[in-house]
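FYI, side chains are in, hydrogens and waters are out, and symmetry mates aren't considered; it's all heavy atoms of this structure. Because the structure is a prediction, the values reported are computed rather than measured. Ligands are counted one by one from 1 in listed order, and the atoms in each one are counted from 1 as well.
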Amino acid sequence: MFGRLAMLFPVLLTCAVLVAGCGGGDESTGGGGSGGSAGSTEGAKVIDPASMNDAKGTVKFCQGKDTTGAVAALKKNFNEKFADQGLKMEFVEFPASADEQRNQFIQRQQAKSGDCDLFGSDVIWTAEFAQQKWLYDLTPYMEKRKSEFLPAPLQTLDYDGKLWGAPLNTDASFIYYRDDKVDQVPATWQELYSSAAKGGGIVFQGAAYEGLTCDWLELAFAAGGTVLSENGKKATIDSPENVKATQLMMDVVKDGGAPKAVTTYMEPESLTAFQTGKYTYMRNWPYAYALNEKADKVKGKFKVAPLPKFEGGDQAQILGGADLVISAYSKNPGGALALLDYMSGPEHQKLLASKFSLGPILDETYDDPAVKKALPFSAELKQAVSKAHARPVSPVYPQISQAIYKNVNQALAGQMSAEDAMKQAQSDIEKALSTF
Ligand code: GLC
């Protein structure tokens, strides 16, 4: 079974040393990402920490859809603060889907375009992008700030012995529940799903994309399943534990505990569904908290609880979140560093946590009374992040994730049995592993 991020880190390093295209994409999904020299990040551009001091001009910040409004607030604050210096940011908005964001960034980097000076990059991509030499090495800047950050998000930036960005926000998922309808979230996934099927209903992310991989891994790891062998070289997904986890997820859709449409839901669709007031439960990341507080039909009527256990098994969370990375093709790396410095600093982190319920990456933000009040589950979040499992670490992670979400999605849609879904995923992953 995959251990904590800390235990996995040597595997990530191994991938750095041994292979080309860590996390390299799959042409069939437009993933791209192949090419580049094997392993080493030698020759990557290195940031000059002093370059941010008198930075001027425009910085283009690329990130997924601003569903929370946090980027709009950032733009206002940053542009006011840095107007006298002659520095301003522009937002280049990418789609909501994590896979699509990756594709958009890869297309720009392959074209050596300066479209994104700073990129809000999912924690699972940093190593891949660094390996492609698409990023500035930020070690000289980060060395001085290292002790400010929570260890888990910081570790997602560590590749080939260097730090390739700064953390922006950290994620671990929770169960949102209507406390006007139920007293608490049942202790196991089995009980939760059966409560949902008895009438409450649950929504989660079942579409064929990265989000479903996260949702499924939470069940599979909790059931005792694994995806790869400890050394990352063998597929281990076709196991009785994983069949059990898949079957459980399929049953909640079949029994009507989750709507059939869940097989098309990403985060925004599941949130919209929960906010209709129809469902008792929702699996989602912390960002949903502040948005629910503004939604007429659910505000004041919901709470947040840690994920349940798998019956006879454990509880497992997946580490999510975003990192800030500077494009090697930026024409304004000093400006990008000034923006990164501001976004990963105390003022913006406090705003992200207290107004937009995005998981802070600075230790000190968790101690702030305003944050504790606005984010009542901040202590649980900090704990969840520290225990969270990394997603399988492999040079071909995007293909592995695709093997999971494609087959599990078909199973949820009733087009495949749980056994066949795991068999097919096993063969897809074996195929992906054989390419390096
Ligand atoms: C959230 C997480 C990210 C994950 C994505 C999946 O944005 O922060 O790590 O990959 O959801 O949809």
Contact atoms of ligand 1, heavy-atom distance to R391 under 4.0 Å = 3 (C), 4 (C), 9 (O), 10 (O)
task = Please identify which atoms of ligand 1 are closer than 4.0 Å to at least one heavy atom of G211.
result = 6 (C), 12 (O)
query = What atoms in ligand 1 come closer than 4.0 Å to a heavy atom of G321?
reply = 2 (C), 3 (C), 8 (O), 9 (O)
message = If we set the cut-off at 4.0 Å for heavy atoms, which region of R102 has an atom near ligand 1: side chain, backbone, both, or neither?
response = neither
task = Let me see the working for D215 and M249 under side-chain contact (heavy atoms from CB on, under 4.5 Å), right down to the final yes or no.
result = CA-CA 10 Å; D215 285 45; M249 218 180 196; 3.7 Å; yes
request  = Considering only non-hydrogen protein atoms, determine which one is nearest to atom 2 (C) of ligand 1 and report residue, atom name and distance to 0.1 Å.
outcome  = D171 OD2, 3.3 Å
query = Can you tell me if K303 uses its side chain to pair, donor with acceptor, with the backbone of Y176 under 3.5 Å?
reply = no
task = Inspect the contact between E210 and R102 and indicate whether a charged nitrogen and a carboxylate oxygen are less than 4.0 angstrom apart.
result = no
remark   = If you scan protein heavy atoms around atom 12 (O) of ligand 1, the nearest is E267 OE2, 2.7 Å
Donor-acceptor pair, side chain of S330 and main chain of S327, under 3.5 angstrom = no
ask   = What part of Q205, side chain, backbone, both or neither, has a heavy atom within less than 4.0 angstrom of ligand 1?
value = neither
inquiry  = Please tell me whether Y193 and T188 have a donor and an acceptor in their side chains that are separated by less than 3.5 angstrom.
reply    = no
query = Applying the ring-ring contact (aromatic ring centres under 6.0 Å, His included) test to F105, which of W125, F129, F94 qualifies?
reply = F129
ask   = For Y209, is the nearest heavy atom under 4.0 Å from an atom of ligand 1?
value = yes
ask   = Hey, is the main chain of L163 close enough, under 3.5 Å, to the side chain of T139 for a donor-acceptor pair?
value = yes
query = When you measure from atom 3 (C) of ligand 1 to every protein heavy atom, which one gives the shortest distance, and what is it?
reply = D122 OD2, 3.1 Å
request  = Ignoring angles and geometry beyond distance, decide whether V123 reaches within less than 3.5 Å of ligand 1 through its nitrogen or oxygen atoms.
outcome  = no
inquiry  = Just to be sure I'm reading this right: ignoring hydrogens, which of W285, W125, Y287 gets closest to atom 11 (O) of ligand 1? Compare them by their nearest heavy atoms.
reply    = W285
query = Only one of F274, F356, F302 forms a ring-ring contact (aromatic ring centres under 6.0 Å, His included) with Y289, so which one is it?
reply = F302
message = Using a plain distance cutoff, I'd like to know if E210 has any nitrogen or oxygen under 3.5 Å from a nitrogen or oxygen of ligand 1.
response = no
